[in-house]
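Report on the following structure.
Order of the sequence lines sets the chain letters (A, B, ...), proteins ahead of strands, with each chain counted from 1.
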Amino acid sequence: MRIGYPCINRSIACSGNKTFRLTSYTEKRLKETIHNNLDCLRKILQFNLEHNLLFFRITSDLVPFASHPINAFDWTEFFKPDFENIGDFMLKNRMRISMHPDQFTLINSIREEVFERSKAELQYHADVLDSMNLDASAKIQIHVGGAYGDKKGSMERFVNRYRELNERIRRRLVIENDDRLYSAGDCLKISDRVKIPVLFDTFHHQLNSDTQLEENLFCLIANTWKLNTDGIPMVDYSSPEHRGSSVKHASTIDIDDFRTFLGRTRPTDFDIMLEIKDKEQSSIKAARVAEGDRRFLVQNADSIKN
DNA sequence: CTTAGTCAAGGGGTA
DNA sequence: TACCCCTTGACTAAG
């Protein structure tokens with residue numbers, strides 16, 4: 001079990017998700033921004049190592065406009081040594097890595113041009129992870145997509161489109177249950193067809209589920225991950241803000257809830273991404289709680305040994 | 001220096 | 001059809 005957080009670290013004085021406006025695009029600006037972002041990513045990983053946080057999500061802003069037609073710059077080649085250096089650091093310290101393209105990446109869109117752009121965007125994400133020489137346990141998580149007034153047909157379209165993707169994308173792709181349309185159960189149905197791993201999001205499950213989170217569902221989801229290639233399952237963990245009626249991500253972790261969650265999911269082993277506003281601060285607290293959990297200790301001992 | 005509107009990209013829901 | 005919502009930080013022009 002590894003614990004981590006997505007994209008941004010607020011404790012160190014650098015921001016690895018810098019970007020700029022399309023209107024101010026120049027190759028020089030692009031180069032400088034990528035350089036800054038890679039440099040900062042390396043610093044964040046160092047911080048994470050020091051705080052026993054071995055799971056991290058790389059921001060999709062790492063390379064701005066990576067899949068946009070305006071970008072003709074061969075950034076994989078230019079920054080090859082930097083990507084490899086970061087990848088070596090991750091491997092050496094047994095870090096688990098994910099990426100999460102945002103809402104515009106839609107495999108099952110009814111519009112062909114949206115699918116084409118999505119493929120380009122997925123290829124960019126795969127290029128980042130490939131450049132770091134990471135194996136197939138480094139994942140790219142997306143949602144199933146829209147419903148378009150015909151959920152069944154849209155799930156079918158996802159299956160067919162998924163089969164069209166190239167192997168470099170497919171080996172990394174996983175689907176995550178969303179908060180409104182596609183539940184964990186829906187994701188399992190798709191997984192039955194194409195054997196894609198399902199990434200369980202606890203918060204989305206609270207908002208959109210056909211069953212309660214019971215042990216059986218959690219086991220079924222865990223079994224969609226092939227341990228020798230996909231690695232242990234990834235789980236996105238967050239909780240609603242307790243005060244107020246709105247459904248927002250909590251500003252900080254509720255340690256008692258987290259402890260309960262750890263208890264309820266035993267003995268299944270998985271990596272946890274904390275989608276909580278204060279990012280690394282909550283992660284550090286969570287890691288402390290998890291130290292009392294066997295799953296966490298095994299991972300720990302392992303990384304010290306190597 | 002501070003602030004408020006805006007940013008490549010989609011889709012769902014309501015009036 | 002028109003408009004607002006999601007969710008988020010940072011960019012950028014305006015004050």
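- Atom CG of A:Asp102 and atom P of B:dA9 are 11 Å apart (whole Å).
- Note on A:Ser24: a side-chain N or O is less than 4.0 Å away from OP1 or OP2 of C:dT12.
- Neither side chain, A:Asp179 nor A:Gln206, offers a donor N or O lying under 3.5 Å from an acceptor on the other.
- Between C:dT7 and B:dA4, the two P atoms lie 22 Å apart (nearest whole Å).
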A:Arg168 and A:Asp130: CA distance, side-chain angles, deciding distance, salt bridge (Lys or Arg N to Asp or Glu O under 4.0 Å) verdict
CA-CA 8 Å; A:Arg168 284 183 51 214; A:Asp130 288 357; 2.7 Å; yes

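- When the C1' atom is used for both B:dA8 and C:dA2, the distance is 23 Å, rounded to whole Å.
- Comparing C:dT12, B:dA8, B:dG11 by their nearest atom to the side chain of A:Arg111 picks out B:dG11.
- Of the two residues near DNA chain C, A:Lys279 and A:Arg180, the one whose nearest nucleotide lies more 5' is A:Arg180.
- Going from the P atom of C:dA10 to that of B:dG10 covers 24 Å, rounded to whole Å.
- With a cut-off of 3.5 Å on both Watson-Crick or G-U wobble distances, the partner of B:dT6 is given as C:dA10.
- The distance from atom CD1 of A:Ile70 to atom P of B:dA9 is 13 Å, rounded to the nearest whole Å.
- Ring geometry, A:Phe218 versus A:Phe261: the interplanar angle exceeds 60°, so the pair is classed perpendicular (tilted spans 30 to 60°).
- One can place CG of A:Asp178 at 11 Å from C1' of B:dG12, the figure rounded to the nearest angstrom.
- Contacts with DNA chain B (heavy atom under 4.0 Å) in residues 103-110 of chain A: A:Gln103, A:Phe104, A:Leu106, A:Ser109, listed by number.
- A:Gln141 and A:Asp236 share a donor-acceptor pair across their side chains, judged by distance under 3.5 Å alone.
- Atom CD in A:Glu275 sits roughly 12 Å away from atom C1' in C:dT8 (whole-Å rounding).
- B:dG10 atom P lies 14 Å from atom CD of A:Glu112, rounded to whole Å.
- Contacts of A:Arg117 with the nucleic acid, taken as non-hydrogen atoms under 4.0 Å apart, involve only primed sugar atoms and P, OP1 or OP2.
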Show your reasoning for whether side-chain hydrogen bond (donor to acceptor under 3.5 Å, both in side chains) applies to A:Tyr182 and A:Asn208.
CA-CA 8 Å; A:Tyr182 295 98; A:Asn208 175 28; over 6 Å; no

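- One interatomic measurement links the two molecules: CZ of A:Arg57 to P of C:dT7, which rounds to 14 Å at whole-angstrom precision.
- Distance noted for atom P between B:dT3 and C:dT8: 22 Å (whole Å).
- Using a 30° and 60° split on the angle between ring planes, A:Phe258 and A:Tyr237 fall in the perpendicular class, above 60°.
- Side-chain atoms of A:Asn48 and A:Tyr5 include a donor-acceptor pair closer than 3.5 Å.
- Linking Ile, Leu, Val, Met, Phe, Trp and Tyr whenever their side-chain heavy atoms come within less than 4.5 Å puts A:Ile140 and A:Phe56 in one cluster.
- Listed pair A:Lys277 / C:dT7 fails the phosphate criterion, with no side-chain N or O lying under 4.0 Å from OP1 or OP2.
- As rounded to whole Å, 16 Å separates atom C1' of C:dA10 from atom CG of A:Leu62.
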Could you list the donor-acceptor pairs under 3.5 angstrom formed between side-chain atoms of residues 192-200 of chain A and any protein atom two or more places apart in sequence or on another chain?
unit_1, atom_1, unit_2, atom_2, d
A:Arg193, NH1, A:Glu156, OE1, 3.0
A:Arg193, NH2, A:Glu156, OE2, 3.2
A:Lys195, NZ, A:Asp192, O, 3.3

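- In this structure, OH of A:Tyr124 is placed 17 Å from P of B:dA9, rounded to the nearest angstrom.
- Within residues 2-17 of chain A, no residue approaches DNA chain B, by heavy-atom distance under 4.0 Å.
- Using Watson-Crick or G-U wobble geometry with both donor-acceptor distances under 3.5 Å, B:dG11 finds its partner in C:dC5.
- Contact annotation: A:Arg21 does not reach the phosphate of B:dT6 (side-chain N/O to OP1 or OP2, under 4.0 Å).
- If you check every strand for non-hydrogen atoms under 4.0 Å, A:Tyr148 touches sugar and phosphate atoms only.
- Checking A:Thr26 against A:Arg29 by side-chain atom types alone, no donor-acceptor pair falls below 3.5 Å.
- Residues A:Glu121 and A:Thr105 have side chains that never bring a donor and an acceptor to within less than 3.5 angstrom of each other.
- Between B:dG11 and C:dG9, the distance separating the two P atoms is 24 Å to the nearest Å.
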